[in-house]
Amino acid sequence: MARPAKIPEPTKTYSLLLSVEQYDKLAAHAKRLDKKSYEQVSVGDLIRDGIELYLEALDEENDADVFKD
């Protein structure tokens, strides 16, 4: 049985270089969250969530800059 898609929209693959320390911290958090939730939580999930939060902050900052002018 194939894994269900976690992203319900078109996707793009990107290779990301992390330090071992960063990856190990993310893996530990993913394992802890996986045990607490009813869904699988992976390092990739945490990275995607972090990117989404960062993009939202950038969009808010950009919107604020537009209304300053």
Side-chain angles (χ1 to χ4, degrees):
M1 182 160 127
R3 289 175 84 175
K6 287 192 171 189
I7 304 172
E9 58 189 282
T11 61
K12 187 167 204 154
T13 301
Y14 183 84
S15 179
L16 177 66
L17 184 65
L18 298 172
S19 71
V20 172
E21 182 181 0
Q22 288 173 322
Y23 183 87
D24 289 346
K25 285 181 180 182
L26 286 168
H29 285 296
K31 185 176 182 179
R32 178 180 55 80
L33 292 168
D34 188 69
K35 287 181 179 181
K36 288 175 64 175
S37 76
Y38 294 106
E39 296 180 1
Q40 177 188 9
V41 178
S42 68
V43 170
D45 293 329
L46 298 180
I47 291 170
R48 283 188 293 273
D49 289 346
I51 291 170
E52 189 60 37
L53 290 170
Y54 189 70
L55 288 172
E56 288 173 9
L58 288 174
D59 289 344
E60 287 177 12
E61 180 181 303
N62 187 41
D63 290 345
D65 289 344
V66 168
F67 290 116
K68 277 185 187 176
D69 296 335

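Just so you know, these numbers come straight off a predicted model, no measurement behind them.
Shortest non-hydrogen contact noted between L46 and L26 is CD1-O, 3.4 Å. Between D34 and V41, the closest heavy-atom pair is OD1-N, 2.9 Å. When all heavy atoms of V43 and A30 are compared, the closest pair comes out as N-CB, 3.9 Å. Between E39 and S37 the shortest heavy-atom distance is O-OG, 2.7 Å.
Interatomic distance, CG of L16 versus CD1 of I51, reported as 7.0 Å (0.5 Å rounding). To the nearest 0.5 Å, the span separating NZ on K12 from CD1 on I7 amounts to 13.5 Å. With rounding to the nearest 0.5 Å, the separation of CG in L55 from CG in N62 is 11.5 Å. Separating the CZ atom in R48 from the OG atom in S42 is a distance of 5.5 Å, to the nearest 0.5 Å.
Judged as a side chain to side chain donor-acceptor pair (under 3.5 Å), and not counting sequence neighbours, the contacts of K6 are D45. Partners of E52 under the salt bridge (charged side-chain N to carboxylate O under 4.0 Å, His left out) rule, at least two apart in sequence or in another chain, do not exist in this structure.
Other residues, nucleotides and ligands contribute only 12 or fewer heavy atoms inside 6.0 Å of the CD atom of E21.
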